[in-house]
Amino acid sequence: MSLSLKICRFDPEVDREPYFQEFRVEIAGHQTVLDVLLEAWRQDPGLSFRRSCRSAICGSCAVTINGTPRLACQTLIREIAGNNGRITIQPLAYFRQLKDLVVDLEPLFDSLKAVVPWLITRWDHDGCMDPGVSRRMESLASCILCGVCDAAFYNPGGTKPAAFVKGLRLAQDPRDVLNAARLRLMQVPPEILKLFVKKMPKVCPKKVKIPEI
Amino acid sequence: MLIHEVLVVGGGLAGLMAALTATEKSDVAVLSKIYPTRSHSGAAQGGFNAVLGEDDSIAAHIFDTVKGSDYLGDQDAIEVLCSEGPELIRELERMGVLWSRNPEGGLAQRSLGGAGFPRACFAADVSGHVVLHTLFEKVLERGVKIYPEWHLLELLVEEGQIAGALVYDLARAKLEIIRCKVVILATGGYGRAFAKTTNAYANTGDGMAIAYRAGALLSDMEFVQFHPTTLFGTNILISEAARGEGGYLRNKDGDRFMARYAPQKMELAPRDLVSRAIFKEIREGRGIEDKYVHLDLTHLGEELLQQRLPQVKDLAARYAGIDAAWTPIPIEPAQHYSMGGIRTDIWGMTNIPGLLAAGEAANVSVHGANRLGGNSLLETVVFGRRAGQTAAKLVGKEHWPSLSQTAVSRYLEPWNFLLAGRVQGKQDDCPFKIRQEATLLMTRQVGVFRDGAELEDAVKRLAEMKERYRRLTPPSGEQPYNYGLIHYLELGYLLDLCELIAKGALRRTESRGAHFRLDYPGRDDRNWLCHTISRWGEKGPEFSDGPVSVTLYIPQERGY
Ligand SMILES: Cc1cc2nc3c(=O)[nH]c(=O)nc-3n(C[C@H](O)[C@H](O)[C@H](O)COP(=O)(O)OP(=O)(O)OC[C@H]3O[C@@H](n4cnc5c(N)ncnc54)[C@H](O)[C@@H]3O)c2cc1C
Ligand code: SF4
Ligand code: FES
């Protein structure tokens, strides 16, 4: 099947503003948006986008596909090619575009710092943990820092959703000195929290669930 | 010019562990071609081996590893691996790793192939991911300087000693010199030398090739592990945990064919054996559509799959369109792990003073001719920490090596030329084409089954491809995020490594572990109980034999 891809191009040193370039690619069966991006790259080695694992675990390939932030390697063509075989790929919204589909990730990694993103281990921790307690944190711990949620809900000035997930994961950890006090530290207003709880599992490629707190 | 006492290249488990250790006593920076959390360590599903249970023993772990390695593993290094393991697993627990628990609240353990005991600690089936993110958190806590999306291009060796590194910042498209006393290479494996591989796109063996070009010894490069269960087509890994939890392998007649190859261990025999068994089934006409076999999890039940193997279930659904609870998964073997690497001693030291290596990039050698599941994650943290300790010690002892302005210009010269201008359109003989041909050749002729004639042909054709590579015009790198340039550079590394793998395989006229010669099907301890050592030479690689450390266990027949 032949597919038309519209890819947002931008080279800050040459282009005054971003523009779309059209690629035609042939695809077979069970392919992902990453596969077609790679095919487009073969046609134009100057095209820039990030990727590594191709199995939705490294978090590199988050882009906007037909208007929605997603992982390219996790998105099957047949899931989205509904609109007459056309696919539009843009960089993640709310991130600064550096080159084509590559965005500036520093704000994502910087936003973590606000939640003290490491365990401060209690001195009396004995190495044991209730299996139920541990299992409850698994969903939050599966975050791959892909940035999709930060591009899905804009929370200017406040704790960003990806950082919130990290903070919440640590706030639930019985080994942590700060533990529940982390919730106060993060100061997420109730209406934003509600939005996260409701929307996160829908946008997050790892289906991270934010528990009601 | 940038200055750090210790430069760690690689932000996977080995690199981060080394950095965390060295930072206690020295100024450390981590340079990584992708953001550390994107490293391939994050894809590991199965777990970390370590002896925790009272009925298990370190001696048993050592023996399983020695036997699994087909007696090519260095037993002094294996002793270190197995005895430092338990302490490290507990340390990771204190750092915040969310290990899966047993009902008593201790760490749960599962069986992986080749082990005599359920010995792998795990975090559901995202073990590597969870540990990688925890180490990354600790690196943030310690304020270690990170250079994300910077590429190592060349090691600076002055008067026989490491003086720094020449690196490339992908975002700014700029060359930089980093002066340092110690470089730790933790750049991972060379999976992408093969067309069919479970490895990520970033796994192009850069560190090994760069060290080789700088005069470091590489060893046992011909030993390449093929994982038996990867999704047919995409080669995305289906974790050994699927068999550890009780999955069956079946051929087109529905037979559990492993009964004929490893009657005792069955599906949990070591990977080399299982991969060969699968190919044999397919070759002899018992494959499905003559191409693959089935991994059957349907008898395990939906609940167990959801709880213990959620990622396996997910991957099968997404990338093969299959519900593993109801339908068997089509699988085929594919390249998975690079046993060979930069030769180091048990403290991570190479033959070049100031150059250390750890993790999959190194060959210390704990895996010998075949790695056991769960041992390489353990290796990354055990030997990552040791490399960090060694680096801290060296920094205290060594003076700053001299690095004159003329030397710097000499190093920069060839690369300056490379970075001029902008990417040109298509070339006739593009790097994509050469890469595709080379990796297909490796999978077909230097793969699970090898023989003299095919290897000789592969060596010849690889030499031709190297020649074609030399004639390419490099896609110059003045623009930011020039992945075309990176692809070109990676192809250069891969071609060097392919040559070493193929020549090493041709030279080794025996079968041992993952290296299987149809024309020499037996293990030959008289002539080949030795490491293959390779070194860069003007006219191509120079090979020699290196001794294997045998401390406890005399080689025996390997039955499973
Ligand atoms: C799918 C899969 C599942 C696995 N499961 C298991 C398991 O269950 N148990 C087990 O024990 N092992 C497992 N393994 C093996 C194990 O994951 C790896 O051997 C291990 O994670 C390697 O870690 P590392 O730190 O050495 O390298 P990596 O994690 O690969 O990191 C390499 C680092 O080097 C950097 N780098 C590379 N080249 C350059 C360059 N030129 N310049 C700058 N930086 C560079 C990269 O950015 C990256 O940060 C698995 C492997 C795969 C492929
Ligand atoms: S919470 Fe989900 S969407 Fe957000 S960064 Fe993590 S994995 Fe990505
Ligand atoms: S390539 Fe790793 S998440 Fe898509």
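These numbers come from a predicted model, not from an experiment. All chains are named by letter (A, B, ...) in the order of the sequence lines, taking the proteins before the strands, and each is independently numbered beginning at 1.
For CZ of Arg96(A), the number of neighbouring non-hydrogen atoms (other residues, nucleotides, ligands) closer than 6.0 Å is 12 at most. Taking a 6.0 Å sphere around CD of Gln21(A), one finds it holds more than 12 heavy atoms contributed by other residues, nucleotides or ligands. When the shell of 6.0 Å around CZ of Arg318(B) is examined, it contains more than 12 heavy atoms from other residues, nucleotides or ligands. Around the CD atom of Glu22(A), the shell of radius 6.0 Å holds more than 12 heavy atoms that belong to other residues, nucleotides or ligands. Annotation: Arg101(B), atom CZ; neighbour count of heavy atoms from other residues, nucleotides and ligands within 6.0 Å is above 12.
Of the listed residues (Ser52(A), Pro131(A), Cys53(A)), the greatest number of heavy-atom pairs within a distance under 4.5 Å of chain B belongs to Ser52(A). Note: Glu149(B) leads Lys138(B), Gln311(B), Glu149(B), Met95(B) in heavy-atom pairs under 4.5 Å with chain A. Ranked by heavy-atom pairs shorter than 4.5 Å toward chain A, the options His487(B), Glu93(B), Arg90(B) are led by Glu93(B). When Gly96(B), Ser41(B), Ala320(B), Gly42(B) are compared by the number of non-hydrogen pairs under 4.5 Å with chain A, Gly96(B) comes out ahead. Ranking Leu98(B), Val126(B), Val130(B) against chain A, the residue ahead of the rest is Leu98(B), based on heavy-atom pairs under 4.5 Å. Counting heavy-atom pairs closer than 4.5 Å to chain B, the top-ranked of the candidates Lys99(A), Arg169(A), Met129(A) is Met129(A). In terms of heavy-atom pairs under 4.5 Å with chain B, the best-connected choice from Gly132(A), Ala56(A), Ser142(A) is Ser142(A). Most heavy-atom pairs under 4.5 Å with chain B, from the set Cys58(A), Pro12(A), Cys146(A): that is Cys58(A).
Using a 4.5 Å cut-off between heavy atoms, Pro148(B) contacts chain A through its side chain alone, with no backbone atom that close. Heavy atoms of Tyr481(B) lying under 4.5 Å from chain A belong to its backbone as well as its side chain. Neither the backbone nor the side chain of Leu101(A) has a heavy atom closer than 4.5 Å to any heavy atom of chain B. For Ile34(B), the part lying under 4.5 angstrom from a heavy atom of chain A is the side chain only. For Leu140(A), no part sits under 4.5 Å from any heavy atom of chain B, backbone or side chain. Both the backbone and the side chain of Arg50(A) come within less than 4.5 Å of a heavy atom in chain B. Of the two parts of Arg54(A), the backbone and the side chain both hold a non-hydrogen atom closer than 4.5 Å to a non-hydrogen atom of chain B. For Val97(B), the part lying near chain A is the backbone, with the side chain staying farther off; criterion is any non-hydrogen pair under 4.5 Å. Contacts of Ile120(A) with chain B are absent, with no heavy-atom separation under 4.5 Å from either backbone or side chain. Neither the backbone nor the side chain of Arg435(B) comes within contact range of chain A; no heavy atom of the residue lies under 4.5 Å from a heavy atom of that chain.
The CG atom of Leu112(A) lies 9.0 Å from the OG1 atom of Thr37(B); values are rounded to the nearest 0.5 Å. Between atom CG of residue Asp35(A) and atom OG1 of residue Thr234(B) there is a gap of 9.0 Å, rounded to the nearest 0.5 Å. Atom NE2 of His133(B) sits about 7.5 Å away from atom CD1 of Ile144(A), to the nearest 0.5 Å. Between the CD atom in Gln436(B) and the CZ atom in Arg42(A) there is a gap of 7.0 Å [rounded to 0.5 Å].
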Identify every side-chain donor-acceptor pair in residues 68-77 of chain A under 3.5 Å, counting partners at least two apart or on other chains, and give the distances.
{"residue": "Arg70(A)", "atom": "NE", "partner": "Thr75(A)", "partner atom": "OG1", "Å": "3.3"}
{"residue": "Arg70(A)", "atom": "NH2", "partner": "Glu79(A)", "partner atom": "OE1", "Å": "3.4"}
{"residue": "Gln74(A)", "atom": "NE2", "partner": "Pro205(A)", "partner atom": "O", "Å": "3.0"}
{"residue": "Thr75(A)", "atom": "OG1", "partner": "Leu71(A)", "partner atom": "O", "Å": "2.7"}

* Residues Phe109(A), Tyr35(B); criterion ring pair (Phe, Tyr, Trp, His ring centres under 6.0 Å); working and verdict -> CA-CA 10 Å; Phe109(A) 286 97; Tyr35(B) 273 86; 4.6 Å; yes
* Asked: Would Thr134(B) and Trp118(A) count as a side-chain contact (heavy atoms from CB on, under 4.5 Å) if you check the C-alpha gap in whole Å, the side-chain angles of each, and the deciding distance to 0.1 Å?
  -> CA-CA 7 Å; Thr134(B) 305; Trp118(A) 49 76; over 6 Å; no
* Could you walk me through whether Ser55(A) and Leu315(B) pass the side-chain contact (heavy atoms from CB on, under 4.5 Å) check? -> CA-CA 8 Å; Ser55(A) 57; Leu315(B) 291 173; 4.3 Å; yes
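For Glu104(B), the side chain to side chain contact (heavy atoms under 4.5 Å, CB included) partners two or more places apart in sequence, or in a different chain, are Asn102(B).
Paired with Pro45(A) under the rule side-chain contact (heavy atoms from CB on, under 4.5 Å), one option of Tyr483(B), Phe432(B), Tyr488(B) passes, and it is Phe432(B).
Using a 4.5 Å heavy-atom threshold, the side chains of Ser100(B) and Glu138(A) count as touching. A heavy-atom distance below 4.5 Å is not found between the side chains of Pro480(B) and Leu98(A). Counting heavy atoms from C-beta outward, Glu13(A) and Gln479(B) have side chains that stay 4.5 Å or more apart.
For the pair Pro117(A) and Leu140(B), the tightest heavy-atom approach, listed with the atom from each and the gap, is CG-CD1, 4.0 Å. Ser60(A) and Arg38(B) make their closest contact through OG-CD, 3.4 Å (heavy atoms, listed as atom of the first residue, atom of the second, distance).
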